[in-house]
> 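Dumping the structure here so I can ask a few things about it.
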Amino acid sequence: MSNELGEFLRTRRARISPEEVGLPRTGRRRVPGLRRDELARLAGVSVEYYTRLEQGRSPNVSESVLDAIGKALSLNETEREHLRILVRPTRRARPSPRGAHPKPRLRPAVQLVLDQMDRMPAFVFGPALDVLAWNRLGDALCGFSGVDRPNLCRSIFLDPKARDFYPQWSCAAEDTVAVLRWMAGRNPDEPGLAPLIGELSIHSQEFRELWAKHNVKEKTFGSKLMNHSLVGELELAYESFPLPGEPDMVLVTYVAQPGSPSAEKLGLIASWSQPEHERVATDRGGITRSADSVED
């Protein structure tokens, strides 16, 4: 059985050299970064205690010890929370019959909210990064409806068009895996996770390498470059929000800087994605143009 806690702590130790924390580099070193005894000394605990923790044999760890280890390893807030979750895992998902991976239920009102957000691409993803719902502009930008059970991680690593769609593919891939690792820590019994991780590990070496790093990231906000097949490259900011009452479902919205080339391109995508009767109505009002009226 995989020891997620031990693997996470070992990868965090490996990224810190003794010199960075004021320790002398002594003797032959079989591992990169800090040794267990060095980390234990920095955290103020015994080597035996820290070794049991890294082996998953110390379930009753105090907050003060976790804080000391987090400080010694220079963990950020997301990594500290991930450490706490791994030490005290929550078990919320019900086991599913073998081979069954039911889609998480989304409140109908959430789809209504998405549909009202007609000026910005938006979608909702769940614990295994399955895309559970989207609005029309989100679909026009990302093509969710053309995929059976779209999944953010599967799209990045298994769709051959992904490297063209994301000009900064390496950054997008690294961030997506880190978000998946964060969600997996919060939802260890989510039925869709193990099959997804297994599928990606078999078919993508890049995923295997990134997954082995144990990096975690909570999807909150940032910017992303996208290369849309119709309008070319767009630079969009994204903001993410946990759904009220559904903390492991995340609403993601994209926006463009007003007056920017990306805003104009996003407007064209919005115009082209409108049903024909809506395009005709807005064209008569002089607000938008249909796809047929845009010159190459």
Side-chain angles (χ1 to χ4, degrees), residues 1-12 14-15 54-56 78-79 81-106 123-134 142-166 169-219 240 246-250 252:
M1 183 177 179
S2 174
N3 177 11
E4 291 284 334
L5 173 60
E7 291 171 7
F8 176 68
L9 288 171
R10 282 191 290 273
T11 57
R12 300 311 93 176
R15 68 183 186 180
E54 202 169 270
Q55 292 173 346
T78 299
E79 291 171 324
E81 179 63 18
H82 187 64
L83 175 60
R84 294 187 186 96
I85 291 171
L86 293 179
V87 171
R88 305 184 183 96
T90 56
R91 304 284 174 175
R92 287 178 288 182
R94 295 180 179 178
S96 297
R98 190 168 186 172
H101 309 299
K103 182 177 179 180
R105 295 175 62 88
L106 193 71
F123 63 92
V124 173
F125 69 81
L129 273 59
D130 290 317
V131 182
L132 307 177
W134 53 83
C142 301
F144 297 127
S145 63
V147 181
D148 182 29
R149 294 197 64 159
N151 177 278
L152 300 178
C153 218
R154 190 178 288 116
S155 172
I156 284 277
F157 290 97
L158 303 185
D159 186 345
K161 298 188 294 293
R163 294 173 193 266
D164 291 329
F165 186 72
Y166 296 106
W169 183 89
S170 295
C171 292
E174 186 171 353
D175 285 351
T176 303
V177 173
V179 171
L180 181 65
R181 175 70 77 175
W182 166 254
M183 297 296 280
R186 293 170 59 86
N187 302 273
D189 292 332
E190 170 63 30
L193 277 168
L196 174 67
I197 294 166
E199 177 188 2
L200 293 169
S201 297
I202 290 172
H203 296 291
S204 172
Q205 179 179 346
E206 291 100 332
F207 175 83
R208 291 195 301 272
E209 293 173 351
L210 289 171
W211 188 250
K213 291 183 177 181
H214 283 261
N215 292 334
V216 291
K217 180 177 181 180
E218 186 177 7
K219 193 173 183 69
S240 304
E246 300 288 352
D248 297 313
M249 293 184 185
V250 179
V252 181

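Computed from a predicted model, the values in this text were never measured in an experiment.
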> Checking Glu246 now: which residues fulfil side chain to side chain donor-acceptor pair (under 3.5 Å) with it, not counting sequence neighbours?
none
> Determine the minimum heavy-atom distance between Leu196 and Ala128, stating which atoms define it.
CD2-O, 3.3 Å
> Listed by chain and number, what are the salt bridge (Lys or Arg N to Asp or Glu O under 4.0 Å) partners of Glu54, not counting sequence neighbours?
Arg10, Arg13, Arg36
> Which pairs count as ring-ring contact (aromatic ring centres under 6.0 Å, His included) when at least one residue sits in residues 169-204, sequence neighbours excluded?
Phe157-Trp169
> Under the side chain to side chain donor-acceptor pair (under 3.5 Å) rule, collect the residues that match up with Lys217, sequence neighbours excluded.
Asp175
> Going by side chain to side chain contact (heavy atoms under 4.5 Å, CB included), name the residues that satisfy it together with Val87, two or more places apart in sequence or in a different chain.
Leu5, Leu53, Val61, Leu66, Leu83
> Please enumerate all residues that pass side chain to side chain donor-acceptor pair (under 3.5 Å) together with Thr78, with sequence neighbours excluded.
none
> Test of understanding: with ring-ring contact (aromatic ring centres under 6.0 Å, His included), list the residues that count as partners of Phe123, not counting sequence neighbours.
Phe144
> Below 4.5 Å, heavy atoms only, C-beta onward: do Arg181 and Glu4 meet side chain to side chain?
yes
> May I ask you to test the Glu199-Leu158 pair for a side-chain heavy-atom distance under 4.5 Å?
yes
> Run the salt bridge (Lys or Arg N to Asp or Glu O under 4.0 Å) test against Arg163 and tell me which residues pass, sequence neighbours left out.
Glu206
> Would you say Cys153 and Leu200 make side-chain contact, with heavy atoms under 4.5 Å?
yes
> Walk me through it: do Leu180 and Trp211 pass the test side chain to side chain contact (heavy atoms under 4.5 Å, CB included)?
CA-CA 9 Å; Leu180 181 65; Trp211 188 250; 3.9 Å; yes
> Check side chain to side chain donor-acceptor pair (under 3.5 Å) between Glu79 and all other residues, then give those that pass, not counting sequence neighbours.
Arg12, Arg15
> Would you indicate whether the side-chain heavy atoms of Lys213 and Thr11 approach each other to under 4.5 Å?
no
> List the residues meeting side chain to side chain contact (heavy atoms under 4.5 Å, CB included) with Lys161, not counting sequence neighbours, and say none if there are none.
Asp159
> Keeping the roles fixed (side chain from Asn187, backbone from Met183), state whether a donor-acceptor pair exists under 3.5 Å.
yes
> How would you list, by chain and number, every residue that makes a side chain to side chain contact (heavy atoms under 4.5 Å, CB included) with Ser240, sequence neighbours excluded?
Lys219, Tyr238, Val250, Val252
> If we ignore hydrogens and angles and just use 3.5 Å, is the side chain of Ser204 paired with the main-chain N or O of Ser201 as donor and acceptor?
no
